[in-house]
There are 2 protein chains.
Amino acid sequence: MTLSFPPDGLVSELRDQGFKITTPRYQVIEWVTGQQEDNFTAEEAAAALDSIGRATVYRTLKLLLDQGLICRVILNDGGICYRLSHKGHHHHLVCVSCGATEDIHLDDVENVIQRVRESTEYELVGHRLEVYGFCPRCKSAQTGL
Amino acid sequence: MTLSFPPDGLVSELRDQGFKITTPRYQVIEWVTGQQEDNFTAEEAAAALDSIGRATVYRTLKLLLDQGLICRVILNDGGICYRLSHKGHHHHLVCVSCGATEDIHLDDVENVIQRVRESTEYELVGHRLEVYGFCPRCKSAQTGL
DNA sequence: GTCCATGCAAAGATTTTGCAGGTCC
DNA sequence: GGACCTGCAAAATCTTTGCATGGAC
């Protein structure tokens, strides 16, 4: 019921950047923002939005990714899926069993990165931290409790 | 000249686990251990080892990955490649321009993870941290210096 | 000798592209 | 009205699989 993250935000972001808000694009955004706490694959989005051309779904996802409006999640097995990018830098806590994902905010990672910065010749531009584990539900299922 | 990481290590690891050391398998291992500091894609391995069936190369890489003898590197653009897994847990410093990768050892990441462990219901089993930046060479090329 | 591994080729899965036509601003 | 976007279908990647044959132990 609560649409705490309405499409409008993404729509205006895109419009501000000079992208046209077409009907297919709007539908993708609407669907994506409806995923709130779930991550999804490009395939799932394409399947759910079957009135829209596959290519358009892929193109729109790439656009949203480039604009930082969605982010990639790397699963433990290397699988790739997407997720609404709630504002601000954050990391992911991913269930190795069901793929459920939560955002986590870890300020002290910055300190770690800062230490890397001081000890390398690289000019750092970003980082990605994914933490893997069993979510409460899968943990229970696993132990049989 | 210096083969600081000879195939032998990987070979005996596999043998100890009861896997047969066949000629094709040995050739893949030999090539992989020759990559020392470079990462490579499955495609590159298959291309370099064209006397071996594609499927075998893929199967062997998966085997090495499952055994922890090589590890995956996630590039900034989401691309996936592999790399010799030097012993012990480590992270990667990846050039966003050329893909060059260095291992980095960050003990204090454990503290961050420990803090996550204390504040979540998840049962943590692992994590992945990739740090992105421009390597010295690409940094120079970029500024035109 | 037995079981596992290989090779091939085909199938599968996923993503990109060319281009004619349509739509937003 | 012009530039950008879409849809389709084909192509391009990348990876897996079935099955008969061959090789390691």
Side-chain angles (χ1 to χ4, degrees), chain A residues 7-8 10-32 39-67 69-83 99, chain B residues 7-8 10-32 39-67 69-83 99:
Chain A
D8 316 37
L10 304 212
V11 168
S12 39
E13 285 269 0
L14 286 191
R15 212 187 314 259
D16 290 352
Q17 297 299 315
F19 295 101
K20 293 181 180 167
I21 304 304
T22 62
T23 302
R25 228 168 231 182
Y26 186 81
Q27 290 177 306
V28 173
I29 291 173
E30 196 171 40
W31 184 83
V32 165
N39 45 30
F40 54 88
T41 62
E43 187 49 41
E44 286 166 353
L49 297 159
D50 63 349
S51 65
I52 303 173
R54 231 180 163 52
T56 299
V57 174
Y58 275 88
R59 282 186 285 230
T60 304
L61 290 180
K62 170 168 287 196
L63 177 63
L64 294 174
L65 183 64
D66 289 345
Q67 298 303 120
L69 301 174
I70 58 177
C71 53
R72 253 194 252 262
V73 176
I74 312 291
L75 302 183
N76 197 36
D77 66 1
I80 290 179
C81 54
Y82 300 91
R83 168 162 234 272
Chain B
D8 317 39
L10 304 211
V11 168
S12 37
E13 286 268 1
L14 286 191
R15 211 186 315 257
D16 290 351
Q17 296 299 316
F19 294 102
K20 293 179 181 169
I21 305 304
T22 62
T23 303
R25 226 168 234 181
Y26 186 81
Q27 290 177 305
V28 173
I29 292 173
E30 197 172 39
W31 184 83
V32 165
N39 47 30
F40 54 88
T41 62
E43 188 48 41
E44 285 166 354
L49 296 158
D50 63 350
S51 65
I52 303 174
R54 242 184 154 47
T56 300
V57 173
Y58 275 87
R59 281 187 285 229
T60 304
L61 289 179
K62 170 167 287 197
L63 177 64
L64 294 174
L65 184 64
D66 289 344
Q67 297 303 120
L69 302 173
I70 60 177
C71 53
R72 254 193 252 262
V73 177
I74 312 291
L75 302 183
N76 197 36
D77 65 1
I80 289 179
C81 55
Y82 301 91
R83 167 164 235 271

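Numbered from 1 within each chain, the chains take letters A, B, ... in sequence-line order.
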In whole angstrom, give the distance that lies between atom [atom1] of [X] and atom [atom2] of [N].
X	N	atom1	atom2	result
L61(A)	dT14(C)	CG	P	14 Å
E43(A)	dT16(C)	CD	C1'	14 Å
R15(B)	dA5(C)	CZ	C1'	15 Å
K20(A)	dC24(C)	NZ	P	9 Å
Q17(A)	dC24(C)	CD	P	21 Å
R25(A)	dG7(D)	CZ	C1'	14 Å
I21(A)	dT6(D)	CD1	C1'	15 Å
E44(A)	dA13(C)	CD	P	15 Å

Where [X] and [Y] come nearest, the two heavy atoms and their spacing:
X	Y	answer
C71(A)	L65(A)	CA-CD1, 4.0 Å
R72(A)	D77(B)	NH2-O, 2.9 Å
T56(A)	P24(A)	CG2-CB, 4.0 Å
C81(B)	F40(B)	CB-O, 3.2 Å

With distance as the sole test, does R25(B) use its side chain to make a donor-acceptor pair with the main-chain N or O of V11(B) at under 3.5 Å?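 Judged by distance alone, no pair lies under 3.5 Å.
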Separation of I70(B) CD1 from N39(B) CG (nearest 0.5 Å):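 Between N39(B) CG and I70(B) CD1, I get 11.5 Å after rounding to 0.5 Å.
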Could you tell me the separation between the CG atom of L63(A) and the CG atom of L69(A), rounded to the nearest 0.5 Å?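 Atom-to-atom, L63(A):CG and L69(A):CG are 8.0 Å apart.
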Residue A42(A), side-chain heavy atoms: nucleotide from dG7(C), dT15(C), dT16(C) that is nearest: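 Looking only at side-chain atoms, A42(A) lies closest to dT15(C).
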Under 3.5 Å, is there an N or O donor on one side and an acceptor on the other linking the side chain of R59(A) and the base of dG7(D)?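 Per atom types, the contact qualifies.
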How is T23(A) classified with respect to the nucleic acid when contacts are heavy atoms under 4.0 Å: base, sugar-phosphate, or nothing?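 Here T23(A) touches the backbone only, sparing every base.
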Give the residues of residues 47-58 of chain B touching DNA chain C, defined as any heavy atom closer than 4.0 Å, sorted by residue number.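 The answer is I52(B), G53(B), A55(B), T56(B).
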For T22(B) and K62(A), take the nucleotide of DNA chain C holding the closest heavy atom to each; which residue's nucleotide lies nearer the 5' end?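 So the residue in question is T22(B).
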